[in-house]
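What's counted below: heavy atoms across the whole structure, side chains too, no hydrogens, waters or symmetry copies.
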Amino acid sequence: PRYSRKNLGFDLFLIFLILLGMAASISYIKTGTLHYGFLRSYRRFSAEELAQYDGTSPSEPIYIAIKGHVFDVSAGTKFYGRGKGYNVFAGRDATRALVTGCFKTGLTHDLRGLTGTQLKEIDDWLRFYEKHDVYFHVGYVDLPSIDPTAPLPKADCAADEERAKGSRSSTQS
């Protein structure tokens, strides 16, 4: 028997629903959302609000900021969670430290004095997070202005290393 066109519309609708359900399931497995993160509304954070998402509360998401762009990195709790190696970036915009490795003096959004290569590297990090499968752009942080006459952040981490050595030796005594 030939297929009846009478039910064709209904059958196509069922196929559409099945495909939609499959896409949503795959999205949920891969990203934790039913919509691949495409339907996000962006939020504006103050620096103080962003600081609340620093990984100290397991019930709150973990956010980092790069050049004022805020990303949810909760899927990377093993990296960004409390006490983990990249937790230093959580709850703040520490863009400078991404390229300088200065985790005491470089935890700032102040990019003055960085080289062209370092600025390009920051843009590469920004693209990395924008295109990541499980980290999502959730908003922007309103950062305080930087006084152009203020001294530049330290260019090297020698002071950080000396401070760390000093605190280790004082705790060992």
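Considering only heavy atoms from C-beta on, D142 stays 4.5 Å or farther from S46 through its side chain. No side-chain heavy atom of V70 sits less than 4.5 Å from a side-chain heavy atom of R43. With a 4.5 Å cut-off on side-chain heavy atoms, T105 and R96 do not count as touching.
When the ring-ring contact (aromatic ring centres under 6.0 Å, His included) test is applied to H109, no partner is found at least two apart in sequence or on another chain. Residues that satisfy the salt bridge (charged side-chain N to carboxylate O under 4.0 Å, His left out) test with D110, not counting sequence neighbours, are R112. Under the ring-ring contact (aromatic ring centres under 6.0 Å, His included) criterion, F71 pairs with Y129, H137, not counting sequence neighbours. Shown here are the side-chain contact (heavy atoms from CB on, under 4.5 Å) partners of Q118, two or more places apart in sequence or in another chain: V99, T100, L114, T115. F79 is linked by a ring-ring contact (aromatic ring centres under 6.0 Å, His included) to nothing, counting only residues two or more places apart in sequence or in another chain. For K120, the side-chain hydrogen bond (donor to acceptor under 3.5 Å, both in side chains) criterion is met by D124, not counting sequence neighbours.
What you find for I66 and L126 is that their closest heavy atoms are O-CD1, 3.8 Å. The two residues N87 and D54 make their nearest non-hydrogen contact at ND2-O, 2.9 Å. Among all heavy-atom pairs drawn from A97 and C102, the shortest one is CB-O, 3.4 Å. For A65 against T95, the heavy-atom pair with the smallest separation is O-OG1, 3.9 Å. Taking every heavy atom of both residues into account, G68 and D93 meet most closely at N-OD2, 2.7 Å.
Relative ring orientation between Y80 and Y86 is described as tilted, the plane-to-plane angle lying within the 30° to 60° band.
Atoms CG and CD1, from L20 and I15 in turn, are 13.5 Å apart once rounded to the nearest 0.5 Å. The CG atom of L107 sits 10.0 Å away from the CG atom of L98 when rounded to the nearest 0.5 Å.
Partner of Y63 under the ring pair (Phe, Tyr, Trp, His ring centres under 6.0 Å) criterion, out of F45, F136, Y135: F45 alone.
In terms of hydrophobic clustering, with Ile, Leu, Val, Met, Phe, Trp and Tyr side chains grouped at heavy-atom distances under 4.5 Å, I122 and I146 are assigned to different clusters.
No more than 12 heavy atoms of other residues, nucleotides or ligands lie within 6.0 Å of CZ in R82, so this atom counts as exposed by the packing criterion.
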